[in-house]
Peer 1: 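Structure provided below as C-alpha coordinates; questions to follow.
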Amino acid sequence: MKFRLAALALAPLPALAQTPAGQIPPAQVAEIGDHFARYRDQNRTPGMVYMVIKDGKPALSAMVGTQTPGGAPVTLDTRFRIASMSKAFTALAILQLRDEGRLVLDDLAERHIPEMRGWTYPTTDSPRIRIRDLLAHVGGMVTDDPWGDRQQVLSEAEFSAMIAQGVPWSRTGGMAHEYSNYGYALLGRIITNASGEPYQRYIGRTILKPLGMTATTYDIAQVPRDKLALGYRWEDETWVAEPEMRDGAFGAMGGMITTANDYAKWVGFLISAWPPRDGAETGPVKRATVREMVQGLNFVRVGPRRGAPEGDTCKHGTAYGMGLRITSDCDLGTALEHGGGYPGYGSYVVLAPERGIAAFAFTNKTYTAPAVPVWQSLWSLARAGAADPRAVPINPLLAQMHDAARAAYAAGDLKPLDGKLAMNFLLDRDAAHWRTEFVRIKAMVGDCPTAEPLQPTGNLSTAFRWNCSKGKLDGQILLAPTNPPTIQALRFLPRPD
(Lines give C-alpha, C1' and ligand atoms only; values in the text may rest on other atoms or scores of the structure.)
Protein backbone atom coordinates (compact mmCIF):
# COMPACT_ATOMS: atom_id res chain seq x y z
CA MET A 1 0.00 0.00 0.00
CA LYS A 2 1.39 3.42 -0.96
CA PHE A 3 0.78 6.80 0.59
CA ARG A 4 1.43 10.09 -1.14
CA LEU A 5 3.13 12.45 1.28
CA ALA A 6 0.95 15.45 2.02
CA ALA A 7 2.38 18.85 1.12
CA LEU A 8 2.25 19.85 4.76
CA ALA A 9 4.54 16.96 5.70
CA LEU A 10 7.08 17.91 3.04
CA ALA A 11 7.58 21.31 4.64
CA PRO A 12 10.05 21.61 7.52
CA LEU A 13 8.31 20.93 10.82
CA PRO A 14 9.55 22.59 13.99
CA ALA A 15 10.35 20.31 16.88
CA LEU A 16 8.05 20.64 19.85
CA ALA A 17 10.68 20.82 22.56
CA GLN A 18 10.01 20.23 26.24
CA THR A 19 12.78 21.18 28.63
CA PRO A 20 12.58 21.12 32.44
CA ALA A 21 13.75 24.45 33.82
CA GLY A 22 17.47 24.69 34.42
CA GLN A 23 18.36 21.26 33.06
CA ILE A 24 19.94 22.39 29.79
CA PRO A 25 20.98 25.97 28.89
CA PRO A 26 18.80 27.60 26.20
CA ALA A 27 21.75 27.91 23.81
CA GLN A 28 22.29 24.15 23.90
CA VAL A 29 18.55 23.45 23.52
CA ALA A 30 18.67 25.44 20.29
CA GLU A 31 21.93 23.84 19.19
CA ILE A 32 20.60 20.33 19.75
CA GLY A 33 17.45 21.22 17.85
CA ASP A 34 19.59 22.43 14.95
CA HIS A 35 21.50 19.13 14.89
CA PHE A 36 18.29 17.13 14.52
CA ALA A 37 16.71 19.60 12.07
CA ARG A 38 19.76 19.37 9.84
CA TYR A 39 19.66 15.59 10.00
CA ARG A 40 15.99 15.48 9.07
CA ASP A 41 16.53 17.88 6.20
CA GLN A 42 19.08 15.44 4.80
CA ASN A 43 17.16 12.27 5.74
CA ARG A 44 13.46 12.85 5.36
CA THR A 45 11.32 10.81 7.73
CA PRO A 46 7.58 10.89 8.41
CA GLY A 47 8.23 11.26 12.14
CA MET A 48 10.99 11.44 14.72
CA VAL A 49 11.29 11.78 18.48
CA TYR A 50 14.46 12.49 20.43
CA MET A 51 15.34 12.88 24.08
CA VAL A 52 18.30 13.87 26.23
CA ILE A 53 18.68 12.27 29.66
CA LYS A 54 20.63 14.00 32.42
CA ASP A 55 21.24 12.53 35.86
CA GLY A 56 18.79 9.76 35.12
CA LYS A 57 15.83 11.91 34.07
CA PRO A 58 14.56 13.45 30.82
CA ALA A 59 16.11 16.89 30.38
CA LEU A 60 15.04 17.65 26.82
CA SER A 61 12.54 15.99 24.52
CA ALA A 62 11.20 16.88 21.11
CA MET A 63 8.70 15.40 18.68
CA VAL A 64 8.85 16.09 14.96
CA GLY A 65 6.50 15.06 12.18
CA THR A 66 3.74 12.47 12.16
CA GLN A 67 3.03 8.84 12.96
CA THR A 68 1.90 8.29 9.37
CA PRO A 69 2.39 10.60 6.37
CA GLY A 70 0.00 13.47 6.97
CA GLY A 71 -1.45 11.72 10.04
CA ALA A 72 -1.42 12.32 13.78
CA PRO A 73 1.61 14.07 15.28
CA VAL A 74 4.34 12.05 16.96
CA THR A 75 4.24 12.23 20.75
CA LEU A 76 6.40 10.91 23.57
CA ASP A 77 3.90 8.05 23.87
CA THR A 78 4.07 7.06 20.20
CA ARG A 79 5.25 3.46 19.77
CA PHE A 80 8.31 2.85 17.61
CA ARG A 81 10.21 -0.33 16.87
CA ILE A 82 13.77 0.05 18.16
CA ALA A 83 15.20 -2.95 16.30
CA SER A 84 18.72 -3.92 17.43
CA MET A 85 18.58 -1.63 20.45
CA SER A 86 16.56 -4.59 21.79
CA LYS A 87 19.82 -6.54 22.08
CA ALA A 88 20.84 -4.77 25.29
CA PHE A 89 17.73 -6.16 27.01
CA THR A 90 18.69 -9.64 25.82
CA ALA A 91 22.26 -9.26 27.08
CA LEU A 92 21.17 -8.01 30.48
CA ALA A 93 18.68 -10.87 30.82
CA ILE A 94 21.50 -13.36 30.15
CA LEU A 95 23.60 -11.71 32.86
CA GLN A 96 20.63 -11.74 35.22
CA LEU A 97 20.18 -15.48 34.69
CA ARG A 98 23.90 -15.89 35.32
CA ASP A 99 23.50 -14.00 38.61
CA GLU A 100 20.69 -16.39 39.54
CA GLY A 101 22.91 -19.41 38.85
CA ARG A 102 20.84 -20.69 35.92
CA LEU A 103 23.69 -20.49 33.43
CA VAL A 104 27.39 -19.67 33.13
CA LEU A 105 28.75 -17.38 30.43
CA ASP A 106 31.34 -20.01 29.52
CA ASP A 107 28.63 -22.64 29.06
CA LEU A 108 28.53 -24.08 25.56
CA ALA A 109 25.42 -22.70 23.88
CA GLU A 110 24.45 -26.25 22.94
CA ARG A 111 24.05 -27.08 26.63
CA HIS A 112 20.94 -24.89 26.60
CA ILE A 113 19.95 -25.43 22.94
CA PRO A 114 19.95 -29.16 22.15
CA GLU A 115 19.40 -28.49 18.43
CA MET A 116 22.95 -27.10 18.21
CA ARG A 117 24.65 -30.31 19.33
CA GLY A 118 24.90 -31.70 15.83
CA TRP A 119 26.57 -28.65 14.31
CA THR A 120 29.69 -29.21 12.21
CA TYR A 121 32.25 -26.45 12.78
CA PRO A 122 34.44 -24.95 10.02
CA THR A 123 37.72 -26.57 11.15
CA THR A 124 38.60 -29.48 13.40
CA ASP A 125 40.23 -27.06 15.84
CA SER A 126 37.28 -24.63 15.98
CA PRO A 127 36.02 -23.83 19.47
CA ARG A 128 32.39 -24.67 20.11
CA ILE A 129 30.25 -21.59 20.64
CA ARG A 130 29.88 -20.38 24.21
CA ILE A 131 27.20 -18.03 25.52
CA ARG A 132 29.77 -15.22 25.85
CA ASP A 133 30.72 -15.67 22.16
CA LEU A 134 27.12 -15.00 21.15
CA LEU A 135 26.96 -11.92 23.39
CA ALA A 136 30.04 -10.43 21.71
CA HIS A 137 29.32 -11.56 18.12
CA VAL A 138 32.47 -13.66 17.87
CA GLY A 139 30.96 -17.08 17.19
CA GLY A 140 32.03 -17.15 13.54
CA MET A 141 28.60 -16.66 11.98
CA VAL A 142 28.20 -14.25 9.09
CA THR A 143 26.95 -10.67 9.42
CA ASP A 144 23.26 -10.99 8.65
CA ASP A 145 21.86 -7.50 8.20
CA PRO A 146 19.34 -7.24 6.56
CA TRP A 147 18.45 -10.97 6.33
CA GLY A 148 18.03 -11.22 10.09
CA ASP A 149 15.38 -8.50 10.20
CA ARG A 150 13.06 -10.54 8.00
CA GLN A 151 13.30 -13.58 10.30
CA GLN A 152 11.39 -11.74 13.01
CA VAL A 153 8.20 -13.62 12.18
CA LEU A 154 9.61 -17.17 12.46
CA SER A 155 7.69 -19.43 14.80
CA GLU A 156 9.58 -21.22 17.55
CA ALA A 157 9.10 -24.52 15.73
CA GLU A 158 10.50 -23.06 12.50
CA PHE A 159 13.46 -21.65 14.40
CA SER A 160 14.12 -25.04 16.02
CA ALA A 161 14.21 -26.64 12.58
CA MET A 162 16.56 -23.90 11.32
CA ILE A 163 18.94 -24.42 14.24
CA ALA A 164 18.98 -28.19 13.72
CA GLN A 165 20.14 -27.68 10.12
CA GLY A 166 23.31 -25.94 11.30
CA VAL A 167 24.84 -22.84 9.74
CA PRO A 168 27.41 -22.02 7.06
CA TRP A 169 30.44 -20.38 8.65
CA SER A 170 31.99 -17.04 7.87
CA ARG A 171 35.12 -17.86 9.88
CA THR A 172 36.45 -19.90 12.77
CA GLY A 173 34.96 -18.64 16.01
CA GLY A 174 36.91 -16.32 18.28
CA MET A 175 38.94 -14.80 15.45
CA ALA A 176 37.03 -11.54 14.83
CA HIS A 177 33.88 -9.61 15.59
CA GLU A 178 31.11 -10.22 13.06
CA TYR A 179 27.63 -8.93 13.88
CA SER A 180 25.09 -11.76 14.08
CA ASN A 181 21.35 -11.31 14.55
CA TYR A 182 21.09 -15.10 14.40
CA GLY A 183 23.41 -15.24 17.41
CA TYR A 184 21.16 -12.98 19.48
CA ALA A 185 18.12 -15.02 18.44
CA LEU A 186 19.98 -18.01 19.89
CA LEU A 187 20.46 -16.03 23.12
CA GLY A 188 16.70 -15.53 23.19
CA ARG A 189 16.23 -19.30 22.97
CA ILE A 190 18.77 -19.76 25.79
CA ILE A 191 16.79 -17.32 27.96
CA THR A 192 13.60 -19.27 27.24
CA ASN A 193 15.15 -22.61 28.09
CA ALA A 194 17.16 -21.46 31.12
CA SER A 195 14.30 -19.49 32.67
CA GLY A 196 11.51 -21.94 31.84
CA GLU A 197 9.30 -19.26 30.31
CA PRO A 198 9.10 -17.56 26.90
CA TYR A 199 11.76 -14.93 26.24
CA GLN A 200 9.28 -12.07 25.91
CA ARG A 201 7.51 -12.98 29.14
CA TYR A 202 10.81 -13.21 31.01
CA ILE A 203 11.94 -9.77 29.80
CA GLY A 204 8.56 -8.30 30.68
CA ARG A 205 8.45 -9.81 34.15
CA THR A 206 12.03 -9.20 35.25
CA ILE A 207 12.98 -5.94 33.50
CA LEU A 208 10.09 -4.06 31.88
CA LYS A 209 7.56 -4.34 34.71
CA PRO A 210 10.00 -3.39 37.51
CA LEU A 211 11.08 -0.32 35.49
CA GLY A 212 7.49 0.73 34.85
CA MET A 213 7.81 0.30 31.08
CA THR A 214 4.09 -0.44 30.72
CA ALA A 215 3.81 0.72 27.09
CA THR A 216 6.63 -1.55 25.85
CA THR A 217 5.91 -4.82 24.09
CA TYR A 218 7.16 -7.25 21.46
CA ASP A 219 3.70 -7.89 19.99
CA ILE A 220 2.60 -5.29 17.46
CA ALA A 221 -0.97 -6.59 17.76
CA GLN A 222 -1.05 -5.21 21.32
CA VAL A 223 -0.23 -1.65 20.21
CA PRO A 224 -3.21 0.72 19.87
CA ARG A 225 -3.37 1.82 16.24
CA ASP A 226 -3.67 5.49 17.18
CA LYS A 227 -0.40 5.21 19.16
CA LEU A 228 1.72 3.43 16.53
CA ALA A 229 4.29 5.06 14.26
CA LEU A 230 3.85 2.97 11.14
CA GLY A 231 7.08 2.14 9.34
CA TYR A 232 7.83 3.41 5.82
CA ARG A 233 10.48 3.51 3.15
CA TRP A 234 10.80 6.25 0.51
CA GLU A 235 10.50 4.74 -2.94
CA ASP A 236 9.59 6.24 -6.34
CA GLU A 237 8.88 9.60 -4.67
CA THR A 238 6.27 7.91 -2.49
CA TRP A 239 6.07 6.68 1.09
CA VAL A 240 5.66 2.91 0.94
CA ALA A 241 4.38 1.16 4.06
CA GLU A 242 6.63 -1.66 5.27
CA PRO A 243 5.07 -4.96 6.44
CA GLU A 244 3.98 -4.93 10.09
CA MET A 245 5.85 -8.07 11.10
CA ARG A 246 4.38 -10.02 13.98
CA ASP A 247 6.37 -11.10 17.02
CA GLY A 248 8.39 -14.27 16.56
CA ALA A 249 11.47 -16.30 17.42
CA PHE A 250 13.94 -13.56 16.43
CA GLY A 251 12.44 -11.03 18.85
CA ALA A 252 15.53 -11.19 21.07
CA MET A 253 17.64 -9.62 18.33
CA GLY A 254 15.33 -6.73 17.46
CA GLY A 255 11.63 -7.10 18.27
CA MET A 256 10.98 -4.49 20.95
CA ILE A 257 8.34 -1.77 20.43
CA THR A 258 8.51 1.13 22.88
CA THR A 259 7.94 4.83 23.48
CA ALA A 260 10.32 7.65 24.26
CA ASN A 261 8.85 7.93 27.75
CA ASP A 262 9.32 4.22 28.43
CA TYR A 263 12.77 3.99 26.88
CA ALA A 264 13.91 6.93 29.02
CA LYS A 265 13.26 4.75 32.08
CA TRP A 266 15.57 2.07 30.66
CA VAL A 267 18.31 4.57 29.85
CA GLY A 268 17.99 6.18 33.27
CA PHE A 269 18.31 2.76 34.91
CA LEU A 270 21.44 1.87 32.94
CA ILE A 271 23.20 5.15 33.61
CA SER A 272 22.32 4.95 37.33
CA ALA A 273 24.80 2.07 37.64
CA TRP A 274 27.59 4.68 37.60
CA PRO A 275 29.54 5.52 39.65
CA PRO A 276 30.15 2.42 41.80
CA ARG A 277 29.04 3.15 45.35
CA ASP A 278 27.76 1.79 48.63
CA GLY A 279 24.03 1.56 49.18
CA ALA A 280 20.98 -0.55 48.46
CA GLU A 281 20.21 -1.87 44.98
CA THR A 282 17.11 -0.18 43.58
CA GLY A 283 16.88 -1.62 40.06
CA PRO A 284 15.80 -5.00 38.71
CA VAL A 285 19.42 -6.04 38.09
CA LYS A 286 22.51 -5.30 40.21
CA ARG A 287 24.54 -2.19 39.32
CA ALA A 288 27.70 -4.26 38.97
CA THR A 289 25.92 -6.51 36.47
CA VAL A 290 24.86 -3.51 34.38
CA ARG A 291 28.44 -2.24 34.35
CA GLU A 292 29.57 -5.67 33.15
CA MET A 293 27.85 -4.97 29.81
CA VAL A 294 30.66 -2.50 29.08
CA GLN A 295 33.36 -5.16 29.02
CA GLY A 296 34.31 -5.28 25.33
CA LEU A 297 36.55 -7.82 23.67
CA ASN A 298 39.82 -6.87 22.01
CA PHE A 299 38.47 -6.60 18.44
CA VAL A 300 38.66 -2.81 18.46
CA ARG A 301 37.78 -0.79 15.38
CA VAL A 302 39.22 2.70 15.01
CA GLY A 303 37.77 5.41 12.80
CA PRO A 304 36.81 9.10 12.60
CA ARG A 305 33.91 10.45 14.61
CA ARG A 306 30.83 10.74 12.41
CA GLY A 307 29.38 14.23 12.56
CA ALA A 308 32.44 15.80 14.18
CA PRO A 309 33.44 19.30 13.02
CA GLU A 310 35.92 19.69 10.19
CA GLY A 311 39.49 19.25 11.39
CA ASP A 312 38.48 17.03 14.31
CA THR A 313 41.49 14.91 15.28
CA CYS A 314 39.73 12.60 17.73
CA LYS A 315 39.28 8.99 16.67
CA HIS A 316 36.73 6.53 17.96
CA GLY A 317 38.04 3.21 19.22
CA THR A 318 35.04 0.88 19.47
CA ALA A 319 34.60 -2.69 20.70
CA TYR A 320 31.45 -4.72 21.25
CA GLY A 321 30.54 -5.38 24.86
CA MET A 322 27.30 -7.18 25.67
CA GLY A 323 24.37 -5.78 23.71
CA LEU A 324 26.14 -2.42 23.48
CA ARG A 325 29.12 -1.04 21.61
CA ILE A 326 31.74 0.55 23.85
CA THR A 327 33.53 3.63 22.53
CA SER A 328 36.22 5.90 23.91
CA ASP A 329 35.32 9.49 23.02
CA CYS A 330 37.52 12.56 23.50
CA ASP A 331 34.65 14.73 24.78
CA LEU A 332 32.57 12.20 26.68
CA GLY A 333 34.99 9.56 27.95
CA THR A 334 33.60 6.04 27.95
CA ALA A 335 30.42 5.89 25.86
CA LEU A 336 27.89 3.10 25.38
CA GLU A 337 26.12 3.10 22.02
CA HIS A 338 23.94 1.07 19.72
CA GLY A 339 21.78 1.62 16.70
CA GLY A 340 18.63 -0.04 15.45
CA GLY A 341 17.76 -0.58 11.80
CA TYR A 342 14.60 -2.33 10.68
CA PRO A 343 12.18 -2.26 7.74
CA GLY A 344 10.30 0.95 8.52
CA TYR A 345 12.37 2.13 11.49
CA GLY A 346 15.70 3.55 12.64
CA SER A 347 16.97 4.39 16.12
CA TYR A 348 20.13 5.26 18.02
CA VAL A 349 21.26 5.68 21.62
CA VAL A 350 24.48 6.94 23.24
CA LEU A 351 25.13 6.93 26.99
CA ALA A 352 28.03 8.80 28.61
CA PRO A 353 27.97 7.42 32.17
CA GLU A 354 31.03 9.34 33.34
CA ARG A 355 29.07 12.55 32.69
CA GLY A 356 25.63 11.26 33.67
CA ILE A 357 24.08 12.07 30.28
CA ALA A 358 22.54 10.15 27.38
CA ALA A 359 20.56 10.81 24.22
CA PHE A 360 18.44 8.71 21.89
CA ALA A 361 16.20 9.13 18.87
CA PHE A 362 13.59 7.07 17.02
CA THR A 363 12.33 7.42 13.44
CA ASN A 364 9.76 5.56 11.35
CA LYS A 365 11.76 5.25 8.14
CA THR A 366 13.64 2.14 7.02
CA TYR A 367 17.21 1.97 8.36
CA THR A 368 17.30 5.68 9.25
CA ALA A 369 19.25 5.63 12.50
CA PRO A 370 20.04 9.21 13.63
CA ALA A 371 23.49 8.46 15.04
CA VAL A 372 25.07 11.78 14.03
CA PRO A 373 22.70 14.19 15.85
CA VAL A 374 22.59 11.93 18.92
CA TRP A 375 26.40 12.12 19.24
CA GLN A 376 26.39 15.84 18.42
CA SER A 377 23.83 16.54 21.15
CA LEU A 378 26.05 15.07 23.85
CA TRP A 379 29.13 16.83 22.49
CA SER A 380 27.23 20.12 22.66
CA LEU A 381 26.46 19.59 26.34
CA ALA A 382 29.99 18.50 27.22
CA ARG A 383 31.69 21.40 25.40
CA ALA A 384 29.34 23.95 26.95
CA GLY A 385 30.09 22.73 30.47
CA ALA A 386 26.46 21.61 30.83
CA ALA A 387 27.45 18.06 31.74
CA ASP A 388 30.77 18.01 33.55
CA PRO A 389 32.42 14.69 34.36
CA ARG A 390 31.21 13.22 37.61
CA ALA A 391 33.72 13.89 40.34
CA VAL A 392 35.87 10.93 41.33
CA PRO A 393 36.26 10.79 45.13
CA ILE A 394 39.84 11.43 46.20
CA ASN A 395 41.44 8.94 48.53
CA PRO A 396 42.72 11.04 51.48
CA LEU A 397 45.94 9.03 51.39
CA LEU A 398 46.60 10.25 47.82
CA ALA A 399 46.22 13.84 48.99
CA GLN A 400 48.73 13.19 51.79
CA MET A 401 51.21 11.61 49.39
CA HIS A 402 50.78 14.54 47.01
CA ASP A 403 51.53 17.02 49.80
CA ALA A 404 54.65 15.05 50.72
CA ALA A 405 55.78 14.99 47.07
CA ARG A 406 55.41 18.77 46.85
CA ALA A 407 57.46 19.13 50.05
CA ALA A 408 60.17 16.88 48.59
CA TYR A 409 60.32 18.96 45.40
CA ALA A 410 60.54 22.19 47.40
CA ALA A 411 63.33 20.73 49.55
CA GLY A 412 65.14 19.19 46.60
CA ASP A 413 65.42 15.97 48.58
CA LEU A 414 63.35 12.84 49.31
CA LYS A 415 63.41 13.25 53.10
CA PRO A 416 59.74 14.45 53.30
CA LEU A 417 58.83 11.08 51.73
CA ASP A 418 60.54 8.97 54.41
CA GLY A 419 58.28 6.05 55.32
CA LYS A 420 56.06 6.65 52.28
CA LEU A 421 58.12 4.91 49.58
CA ALA A 422 57.62 1.37 48.30
CA MET A 423 60.59 -1.01 48.32
CA ASN A 424 61.19 -0.57 44.59
CA PHE A 425 61.33 3.23 44.61
CA LEU A 426 64.98 3.77 45.52
CA LEU A 427 66.03 0.71 43.54
CA ASP A 428 64.65 2.34 40.41
CA ARG A 429 66.44 5.68 41.13
CA ASP A 430 68.49 6.30 44.26
CA ALA A 431 68.27 9.37 46.48
CA ALA A 432 71.34 11.06 44.95
CA HIS A 433 69.93 10.81 41.44
CA TRP A 434 66.57 12.15 42.67
CA ARG A 435 68.37 15.23 44.04
CA THR A 436 69.95 15.68 40.60
CA GLU A 437 66.53 15.29 38.96
CA PHE A 438 64.96 17.94 41.21
CA VAL A 439 67.75 20.39 40.27
CA ARG A 440 67.22 19.68 36.57
CA ILE A 441 63.47 20.24 36.71
CA LYS A 442 63.73 23.40 38.82
CA ALA A 443 66.10 24.87 36.24
CA MET A 444 63.32 24.43 33.70
CA VAL A 445 60.16 25.51 35.59
CA GLY A 446 61.38 26.98 38.90
CA ASP A 447 59.56 26.82 42.22
CA CYS A 448 55.96 25.61 42.17
CA PRO A 449 54.02 27.39 44.92
CA THR A 450 50.47 26.36 43.95
CA ALA A 451 48.76 23.28 42.59
CA GLU A 452 45.61 22.52 40.61
CA PRO A 453 43.03 20.12 42.11
CA LEU A 454 44.11 16.51 41.90
CA GLN A 455 42.78 14.39 39.03
CA PRO A 456 42.57 10.87 40.47
CA THR A 457 42.78 8.05 37.92
CA GLY A 458 41.79 5.45 40.49
CA ASN A 459 41.81 4.95 44.24
CA LEU A 460 45.59 4.45 44.22
CA SER A 461 46.77 6.84 41.50
CA THR A 462 46.40 10.47 40.57
CA ALA A 463 47.57 12.98 38.04
CA PHE A 464 48.57 16.45 39.26
CA ARG A 465 49.59 19.83 37.90
CA TRP A 466 51.71 22.38 39.78
CA ASN A 467 51.82 26.06 38.85
CA CYS A 468 55.46 27.11 38.74
CA SER A 469 57.33 30.38 38.32
CA LYS A 470 58.53 29.45 34.81
CA GLY A 471 55.81 27.11 33.60
CA LYS A 472 53.81 24.08 34.70
CA LEU A 473 54.85 20.76 36.17
CA ASP A 474 52.59 17.81 35.39
CA GLY A 475 53.02 14.50 37.12
CA GLN A 476 51.64 11.26 38.45
CA ILE A 477 51.67 9.45 41.77
CA LEU A 478 51.15 5.69 41.68
CA LEU A 479 50.77 3.74 44.92
CA ALA A 480 51.81 0.13 45.38
CA PRO A 481 49.38 -2.74 46.15
CA THR A 482 50.59 -3.08 49.74
CA ASN A 483 49.03 -2.45 53.12
CA PRO A 484 49.54 0.32 53.88
CA PRO A 485 49.91 1.64 50.29
CA THR A 486 53.21 3.37 49.55
CA ILE A 487 54.53 5.27 46.52
CA GLN A 488 55.90 2.97 43.83
CA ALA A 489 56.29 5.71 41.18
CA LEU A 490 56.56 9.51 41.13
CA ARG A 491 56.70 10.91 37.62
CA PHE A 492 57.27 14.48 36.41
CA LEU A 493 56.73 16.18 33.04
CA PRO A 494 58.03 19.79 32.99
CA ARG A 495 56.21 22.27 30.73
CA PRO A 496 58.32 25.45 30.61
CA ASP A 497 56.71 28.71 29.45
Side-chain angles (χ1 to χ4, degrees), residues 83-84 86-91 93-95 97-98 102-200 202-203 218 243 245-256 297-299 319-323 340-343:
S84 286
S86 308
K87 287 182 171 69
F89 292 84
T90 300
I94 288 285
L95 292 174
L97 288 166
R98 187 278 317 274
R102 301 196 199 187
L103 56 80
V104 174
L105 296 189
D106 282 324
D107 281 348
L108 295 181
E110 64 193 50
R111 176 179 178 182
H112 302 276
I113 306 177
E115 295 87 348
M116 293 180 65
R117 292 173 188 168
W119 281 17
T120 300
Y121 283 79
T123 61
T124 58
D125 64 354
S126 293
R128 303 184 80 79
I129 293 177
R130 302 167 299 173
I131 292 175
R132 69 168 67 251
D133 299 325
L134 297 175
L135 285 169
H137 301 285
V138 297
M141 291 182 284
V142 70
T143 296
D144 55 5
D145 288 334
W147 173 87
D149 299 330
R150 299 293 181 175
Q151 311 314 305
Q152 172 71 37
V153 299
L154 283 181
S155 70
E156 293 296 338
E158 290 169 329
F159 188 36
S160 292
M162 177 185 286
I163 299 169
Q165 292 173 1
V167 295
W169 297 99
S170 177
R171 65 186 75 244
T172 297
M175 300 297 292
H177 171 271
E178 191 162 0
Y179 192 83
S180 174
N181 290 302
Y182 194 125
Y184 263 73
L186 291 173
L187 288 172
R189 176 60 63 87
I190 290 172
I191 291 168
T192 294
N193 291 346
S195 70
E197 59 185 306
Y199 165 86
Q200 291 87 341
Y202 182 82
I203 297 292
Y218 289 85
M245 290 185 280
R246 68 178 185 272
D247 183 34
F250 267 55
M253 69 86 192
M256 183 170 284
L297 292 180
N298 61 347
F299 301 115
Y320 203 91
M322 301 179 187
Y342 199 84

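Nothing fancy with the numbering, it's 1 onward along the sequence. The shown structure was predicted, so the numbers you read here are calculated from the model rather than taken from an experiment.
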Peer 1: I'd like to check the side-chain hydrogen bond (donor to acceptor under 3.5 Å, both in side chains) partners of Asp149; sequence neighbours left out, ordered by chain and number.
Peer 2: Tyr367
Peer 1: Does anything in residues 133-143 pair up under side-chain hydrogen bond (donor to acceptor under 3.5 Å, both in side chains), and if so which pairs, sequence neighbours excluded?
Peer 2: Arg130-Asp133, His137-Tyr320
Peer 1: Holding to side-chain hydrogen bond (donor to acceptor under 3.5 Å, both in side chains), I want the full list of residues that pass it with Thr192, two or more places apart in sequence or in another chain.
Peer 2: none
Peer 1: Under the side chain to side chain contact (heavy atoms under 4.5 Å, CB included) rule, collect the residues that match up with Ala83, sequence neighbours excluded.
Peer 2: Tyr342
Peer 1: Could you tell me whether the side chain of Leu105 reaches within less than 4.5 Å of the side chain of Leu95, counting heavy atoms only?
Peer 2: yes
Peer 1: Does the side chain of Met141 come within less than 4.5 Å of Leu134's, by heavy atoms?
Peer 2: yes
Peer 1: On a heavy-atom basis, which atom in Asn181 and which in Ser84 lie closest, and how many Å separate them?
Peer 2: OD1-OG, 3.9 Å
Peer 1: How many angstroms lie between OH in Tyr184 and CG in Leu135, if you round to the nearest 0.5 Å?
Peer 2: 5.0 Å
Peer 1: Minimum heavy-atom separation for Gly183 and Ser180, please, with both atom names.
Peer 2: N-OG, 2.8 Å
Peer 1: Under the rule for side-chain hydrogen bond (donor to acceptor under 3.5 Å, both in side chains), what residues qualify as partners of Arg150, not counting sequence neighbours?
Peer 2: none
Peer 1: For Phe299, what residues pass the ring pair (Phe, Tyr, Trp, His ring centres under 6.0 Å) criterion, not counting sequence neighbours?
Peer 2: none
Peer 1: Could I get the full list of salt bridge (Lys or Arg N to Asp or Glu O under 4.0 Å) partners for Arg246, not counting sequence neighbours?
Peer 2: none
Peer 1: Under 4.5 Å between any side-chain heavy atoms of Ser160 and Ile113, yes or no?
Peer 2: no
Peer 1: Ring pair (Phe, Tyr, Trp, His ring centres under 6.0 Å) with Trp169: which residues, sequence neighbours excluded?
Peer 2: Trp119, Tyr121
Peer 1: Kindly write out the residues that satisfy salt bridge (Lys or Arg N to Asp or Glu O under 4.0 Å) with Asp107, not counting sequence neighbours, or none if the list is empty.
Peer 2: Arg111
Peer 1: Under 4.5 Å between any side-chain heavy atoms of Trp147 and Val142, yes or no?
Peer 2: no
Peer 1: To check you understand the geometry: which heavy-atom pair defines the closest contact between Gly173 and Pro127, and what is its length?
Peer 2: O-CG, 3.6 Å
Peer 1: With no hydrogens and no angle check, just 3.5 Å: does a side-chain donor-acceptor pair link Asp247 and Gln200?
Peer 2: yes
Peer 1: Identify every side-chain donor-acceptor pair in residues 249-256 under 3.5 Å, counting partners at least two apart or on other chains, and give the distances.
Peer 2:
none

Peer 1: Going from CD1 on Ile190 to CD1 on Ile131, what distance comes out if it is rounded to the nearest 0.5 angstrom?
Peer 2: 4.5 Å
Peer 1: Using only heavy-atom distances, determine whether the side chains of Tyr199 and Thr90 contain a donor-acceptor pair under 3.5 Å.
Peer 2: yes
Peer 1: Quick one: pull up CD in Glu110 and CD1 in Ile163 and give me the separation to the nearest 0.5 Å.
Peer 2: 12.5 Å
Peer 1: Any salt bridge (charged side-chain N to carboxylate O under 4.0 Å, His left out) involving residues 158-167? Give me the pairs, sequence neighbours left out, ordered by first then second residue.
Peer 2: none
Peer 1: Would a 4.5 Å heavy-atom cut-off, applied to side chains only, mark His112 and Leu97 as touching?
Peer 2: no
Peer 1: Write out all pairs satisfying salt bridge (charged side-chain N to carboxylate O under 4.0 Å, His left out) with one or both partners inside residues 166-190, taking only residues at least two apart or from two chains.
Peer 2: Glu115-Arg189, Glu156-Arg189, Arg171-Glu178
